[in-house]
There are 2 protein chains.
Amino acid sequence: MELDDVDWKLLEILQTDGRITFTELARRVSLSAPATTERVRRLEQAGVLTGYVAVVDHRRLGLPIEAIVRVRVRSLDTPRFRERVVPLAQVRDADHVTGDDCWLLRVVCRSTQELEEFVEHAQRFGDTTTSLVFSSPVRTRPVTRETSDGIVFR
Amino acid sequence: MELDDVDWKLLEILQTDGRITFTELARRVSLSAPATTERVRRLEQAGVLTGYVAVVDHRRLGLPIEAIVRVRVRSLDTPRFRERVVPLAQVRDADHVTGDDCWLLRVVCRSTQELEEFVEHAQRFGDTTTSLVFSSPVRTRPVTRETSDGIVFR
DNA sequence: ATTGAAATCGAACGCTC
DNA sequence: GAGCGTTCGATTTCAAT
């Protein structure tokens, strides 16, 4: 799919304010509402826009601990790891990646005790390395046209 | 803030469908529309709901490469790292964490060449370890009440 | 429960490639 | 002709009071 400036602008706005009305969206890109609606519909259709989600602050939900758990899963154990660890409720992101630490899990927990429990569980499938998250200066930065423009600041 | 079952249900729905109308939301939790709107407003007010965003598929935006770059930033270089690397357009997530690899960056790129460029840039501030993302079986799983219920499958 | 705003749809028309 | 956008009116749905 070929995207023009207006499409990129729509994506940028929607990645920032996912609940904006089509009327306001149309105003922001200087198009009519029907044209705007149609473009968004096409972006959804093309699989560029895959959904809309509310963002929550886990710390205000009784889950003050956030950690990245890297797991060096033994290859034979991978299917069981997918079944027994990836689906755990604490796991917010699970990435299968290249390299020695072949899985990266972002988990949130009620307490360090619960994190310990989680890590012990994960360790049944391979060695783990756990890092507590101090802060996340960037969380889900919007993808924009400049993202593929080389080394560019935002 | 004290959350009841309905609040949790609202959060769960909104984390799945961020553009649902209040009318439909009300129907799904068996409340009146005004009561539902008021609850959502309170969750926003309390900082539990922090925003709404569209989710995009970077691969359909000319950015097929996704990687996790761990950077062992020398502590004296941290301010410059924050200024010169964290703001780069390719960075979608940046987490400051405990441990030797004190920064974790999720980056998207047009090509491995661009990734190489990025990593070389980051390396000015410390040693790096880069992992390509094969797949992400879980991306931003909703936080639910059971998230803090111990080892529970979802 | 009322009221204004927003979304949705169809039809007709113009512009450009 | 195909694709895209605009305007208008009519209707329905939604949000706010």
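A note on names: the letters A, B, ... follow the listed sequences, proteins ahead of strands, and every chain is numbered from 1. Quick caveat: nothing in here was measured; it's all calculated off a predicted structure.
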message = Quick check with a 6.0 Å cut-off and a 45 degree axis cone: is B:R28 positioned over the face of B:F22's six-membered ring?
response = no
ask   = Between D:dG5 atom C1' and A:E38 atom CD, what is the distance in whole Å?
value = 11 Å
message = Can you tell me how far apart CG (A:D5) and NZ (A:K9) are? Round to the nearest 0.5 Å.
response = 10.5 Å
inquiry  = Base contacts versus sugar-phosphate-only contacts with protein, heavy atoms under 4.0 Å: please encode nucleotides 3-17 of chain C as B, S and - from 5' to 3'.
reply    = ---SSS---------
inquiry  = Do A:L14 and A:L25 have side chains that approach each other closer than 4.5 Å (heavy atoms only, starting at C-beta)?
reply    = yes
key: Atom pair distance, as rounded to whole Å: CG in A:D4 and P in D:dG3   = 16 Å
ask   = Checking all strands, does A:R41 fall into the base, sugar-phosphate, or nothing category for heavy-atom contacts under 4.0 angstrom?
value = nothing
task = Kindly indicate whether the side chain of B:T78, heavy atoms from C-beta on, has any atom under 4.5 Å from the side chain of B:F125.
result = no
message = In this structure, how many angstroms lie between the P atom of D:dC4 and the CZ atom of A:R39, rounded?
response = 8 Å
request  = For the residue pair A:F81 and A:W103, categorise the inter-ring angle as parallel (less than 30°), tilted (30 to 60°) or perpendicular (more than 60°).
outcome  = tilted
ask   = Hey, which of A:R92, A:R59, A:R139 is the one that makes salt bridge (charged side-chain N to carboxylate O under 4.0 Å, His left out) with A:E66?
value = A:R139
